[in-house]
Amino acid sequence: MTLNRHKPLPRSPFNPKKGRKPKAWDKARRVLKGEAVAEGWDRCERCGATDRLSMAHRVKRRFITTAAELRNVICLCLTCHDFIELGTHERMAKLFDEIRSKREAA
Ligand SMILES: [Zn+2]
């Protein structure tokens, strides 16, 4: 399957108890979170904050179609996560790559 930025993947039917995220996403998220904790991610890779941490993807969740994309994450606090998600997909991917390359250079 190729990444089509104009056509979101179908979502599971709306469930008021679980929000709109499919069960498969919850499961994948738990696995990723376990890996992040095991790797010792304890601070935001953009500002260094140590609380309200989250995993940020290079593309928005609805455009993630492969396991590799799902695993391509950076650790951000919620403020920085909101910051990189503002604006265009191109801006988001660019900021993601900058943060990611800083990690690889360290
Ligand atoms: Zn931050």
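Numbering of ligands and ligand atoms starts at 1, following listing order. Numbers here simply count residues along the sequence, with the first being 1. Basis for what follows: all heavy atoms, side chains included, without hydrogens, waters or symmetry-related copies.
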### Task
Please indicate how many protein N/O/S atoms are found closer than 2.8 Å to the Zn ion (ligand 1), with waters neither displayed nor included.
4
### Message
Could you check whether Arg103 makes a cation-pi contact with Phe96, meaning its NZ or CZ is under 6.0 Å from the centre of the six-membered ring and within 45° of the ring axis?
### Response
no
### Query
Taking the side chain from Thr50 and the backbone from Arg43, do they hold a donor-acceptor pair closer than 3.5 Å?
no
#### Entry: Heavy-atom donor-acceptor pair, Glu85 side chain to His81 backbone, under 3.5 Å
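Checked: no pair found.
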### Task
Tell me, yes or no, whether the heavy-atom count around Lys60 atom NZ, taken from other residues, nucleotides or ligands under 6.0 Å, exceeds 12.
yes
### Query
Quick one: do Glu98 and Lys102 make a salt bridge, cutoff under 4.0 Å?
no
### Task
With sequence neighbours left out, write down each residue that passes salt bridge (Lys or Arg N to Asp or Glu O under 4.0 Å) with Arg71, or none if nothing qualifies.
Glu35
